[in-house]
Colleague: 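Dumping the structure here so I can ask a few things about it.
Order of listing sets the numbers, starting from 1, for every ligand and every atom in it.
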Amino acid sequence: MRFEGKVAVITGGARGLGSAFADAIVAEGAKVALLDVDEAEVGQTAGALEKQGFEALGLRCDVRDEHEVEAVVARVAERFGRIDFLINSAALHRRKYNQPFKFLPRDEVRALFDVNVMGILNCCLAVRPVMATNGGGSIVNLTSTAGHTSVTPYGVSKLAARGLTLALAGEFAEDEIRVNAVSPGFVGSAGSLAEYPKENLMSLLASQGVRLPESILARCSNRDLVDVFMSLQLTRREGRMDDIVKALLYLCSDDSGFVTGETLKVGGGSAAGF
Ligand SMILES: NC(=O)c1ccc[n+]([C@@H]2O[C@H](COP(=O)([O-])OP(=O)(O)OC[C@H]3O[C@@H](n4cnc5c(N)ncnc54)[C@H](O)[C@@H]3O)[C@@H](O)[C@H]2O)c1
């Protein structure tokens, strides 16, 4: 039990990668606080863990609101007595955020950066004093392979989150808090991708820095576009949730005690980007 007695706060914990990480870390002894703007679903996700005998708290929290974040973090500290890990998984990543900036109204850009960048900052600043009192901790921010190409608003928000990771690693080091990021590639099957509307596939390709000319796009089937997307990966298999979860567990564990300020790409070696 690597994480016995430890406490993890997970934003965006209602579903997806946040919830998959919660399943994995409670199985290794940790208690979890799941924070999400979706109050009903976060309650259900935490409730399901409690039914299995794990200690889990599901709390409504909008990461954009620094005061709400501070109040929720105080509740977690009061209930569990400490915070060792923060996983910042909450994000906006809908299709519209992968179109060029000129098509995205300015208030949508602001909303995107408010969650994907300011949300991370709010949560990191709120947990820092609690982590400091128990001698340190580990923070992991979910970025994206799209943040290594950064040709879309979503990619730029993830690139900014990588920059924030580096800056906060420097600032938090005096409190023995490590700050790293994991950039997942696409997690899901090629089969499920082929069901996506063509527009979504084009947007996914754009997030990886690939913009095909209209003349070629018109001749491509959905399956062709999925093949192009998959060919950007060097590893010849589909990405799975547990590929990402294992990287998050590593960055929380003492095995990564000498690692801070880093971004680990977990995208099957997606070739594009920096
Ligand atoms: N799944 C992938 O293939 C993939 C690929 C690359 C990067 N990522 C990144 O990994 C992270 C998790 O992705 P996912 O697929 O699990 O996403 P998801 O959409 O399944 O879950 C994100 C959660 O964040 C919550 N959320 C959104 N705005 C919020 C706010 N203001 N305050 C609090 N919670 C809020 C949502 O309610 C949702 O439960 C994200 O940062 C995403 O950008 C995912």
Colleague: To which of Gly185, Ser207, Gly239, Gly16 does the heavy atom nearest atom 4 (C) of ligand 1 belong?
Modeller: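 Result: the heavy atom closest to atom 4 (C) of ligand 1 is in Gly185.
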Colleague: For ligand 1, which atoms have a heavy atom of Phe186 less than 4.0 angstrom away?
Modeller: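 Listed by number with element: 3 (O).
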Colleague: Report yes or no: do Ser203 and Asn200 form a side-chain donor-acceptor pair below 3.5 Å?
Modeller: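 Per modelled atom types, Ser203 and Asn200 side chains form no pair under 3.5 Å.
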Colleague: Can you report which non-hydrogen protein atom sits closest to atom 6 (C) of ligand 1, along with the distance?
Modeller: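 Answer, as residue, atom name and distance: Pro184 O, 3.2 Å.
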Colleague: For a quick test of reading the model, state the closest non-hydrogen atom pair linking Thr45 to Ser19 and the distance between them.
Modeller: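 Where Thr45 meets Ser19 most closely, the heavy atoms are CG2-OG, 3.7 Å.
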Colleague: Of the backbone atoms (N, CA, C, O) and the side-chain heavy atoms from C-beta on, which set of Val115 has a member under 4.0 Å from an atom of ligand 1: side chain, backbone, both, or neither?
Modeller: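 Just the side chain.
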Colleague: Should we count CZ of Arg211 as having more than 12 external heavy atoms under 6.0 Å?
Modeller: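 Enclosed: over 12 neighbouring heavy atoms sit under 6.0 Å from CZ of Arg211.
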Colleague: Which ligand 1 atoms, with their elements, are less than 4.0 angstrom from a heavy-atom of Gly12?
Modeller: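 Counting from 1, the qualifying ligand atoms are 23 (C), 24 (O), 25 (C).
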Colleague: Backbone N or O of Gln233 within a donor-acceptor pair of the Arg236 side chain at under 3.5 Å?
Modeller: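 Indeed, once roles are kept as given, a pair shorter than 3.5 Å links the two residues.
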Colleague: Using distance alone, determine whether Ala14 and ligand 1 share an N or O pair under 3.5 Å.
Modeller: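 No; every N/O pair is 3.5 Å or more apart.
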Colleague: Taking C-beta and beyond as the side chain, do Met131 and Ile139 meet within less than 4.5 Å on heavy atoms?
Modeller: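 Met131 vs Ile139: side chains touch.
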Colleague: For Leu142, counting its heavy atoms only, list the atoms of ligand 1 lying under 4.0 Å from any of them.
Modeller: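 Those qualifying, in numeric order: 10 (O), 11 (C), 41 (O).
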Colleague: What atoms of ligand 1 come closer than 4.0 angstrom to any heavy atom of Leu17?
Modeller: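 Those atoms are 10 (O), 12 (C), 13 (O), 16 (O), 44 (C).
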Colleague: I'd like to check Val7 versus Val32 (side-chain heavy atoms, cut-off strictly below 4.5 Å). Are they in contact?
Modeller: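 SC-SC contact between Val7 and Val32 ruled out.
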Colleague: So which protein heavy atom does atom 19 (O) of ligand 1 come closest to, and at what separation?
Modeller: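 Of the protein heavy atoms, His93 NE2, 2.8 Å lies nearest.
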Colleague: At a non-hydrogen distance cut-off of under 4.0 Å, which region of Cys61 contacts ligand 1 (side chain, backbone, both, or neither)?
Modeller: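 Just the backbone.
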Colleague: Need the ligand 1 atom indices (1-based, order shown) with element for anything under 4.0 Å from a heavy-atom of Thr143.
Modeller: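 The list of qualifying atoms is 7 (C), 8 (N), 9 (C).
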Colleague: Specify the protein heavy atom at minimum distance from atom 11 (C) of ligand 1: its residue, its atom name, and the distance to 0.1 Å.
Modeller: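 The answer is Ser89 O, 3.3 Å.
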Colleague: If every non-hydrogen atom of Arg240 is compared with every non-hydrogen atom of Val187, which pair is closest and at what distance?
Modeller: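 Reported closest heavy-atom pair: C-CG1, 3.3 Å.
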Colleague: State, yes or no, whether a side-chain contact exists between Cys124 and Phe172 at a heavy-atom distance under 4.5 Å.
Modeller: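 A side-chain contact under 4.5 Å exists here.
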Colleague: Crowded around Glu39 CD? As in, over 12 foreign heavy atoms under 6.0 Å?
Modeller: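 Incorrect, the count does not exceed 12.
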Colleague: If you count the atoms of ligand 1 from 1 in the order shown, which ones are under 4.0 Å from a heavy atom of Asp62?
Modeller: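 It comes down to these atoms of ligand 1: 30 (C), 31 (N), 32 (N).
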Colleague: Side chains of Phe101 and Val156: does their closest heavy-atom pair fall under 4.5 Å?
Modeller: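 Phe101 vs Val156: side chains touch.
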Colleague: Can you pull out the closest protein heavy atom to atom 38 (C) of ligand 1? Residue, atom name and distance to 0.1 Å, please.
Modeller: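 Looking at atom 38 (C) of ligand 1, the protein heavy atom closest to it is Arg15 NH1, 3.1 Å.
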Colleague: So which heavy atom in the protein is nearest atom 27 (C) of ligand 1, and how far is it from that ligand atom?
Modeller: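 Protein heavy atom with the smallest distance to atom 27 (C) of ligand 1: Ala91 O, 3.7 Å.
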Colleague: Please list, in number order, the atoms of ligand 1 under 4.0 Å from a heavy atom of Tyr154.
Modeller: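 Here the atoms of ligand 1 in question are 7 (C), 8 (N), 42 (C), 43 (O).
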Colleague: Starting from atom 41 (O) of ligand 1, find the nearest protein heavy-atom neighbour and note its residue, name and distance.
Modeller: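 Protein heavy atom at minimum distance: Lys158 NZ, 2.9 Å.
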Colleague: More than 12 heavy atoms of other residues, nucleotides or ligands under 6.0 Å from CG of Asp107: yes or no?
Modeller: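 Yes, CG of Asp107 has more than 12 neighbouring heavy atoms, counting only those of other groups under 6.0 Å.
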Colleague: What protein heavy atom sits nearest atom 34 (N) of ligand 1, and how far away is it?
Modeller: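 Ranked first by proximity to atom 34 (N) of ligand 1 is Val37 N, 3.3 Å.
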Colleague: Can you tell me which residue and heavy atom of the protein come closest to atom 37 (O) of ligand 1, and the distance to 0.1 Å?
Modeller: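 Looking at atom 37 (O) of ligand 1, the protein heavy atom closest to it is Asp36 OD1, 2.7 Å.
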Colleague: Has ligand 1 got any nitrogen or oxygen that is less than 3.5 angstrom from a nitrogen or oxygen of Val187?
Modeller: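 Right, the criterion is met.
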Colleague: Does the side chain of Arg79 come within less than 4.5 Å of Lys31's, by heavy atoms?
Modeller: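 Of all side-chain heavy-atom pairs linking Arg79 with Lys31, none is under 4.5 Å.
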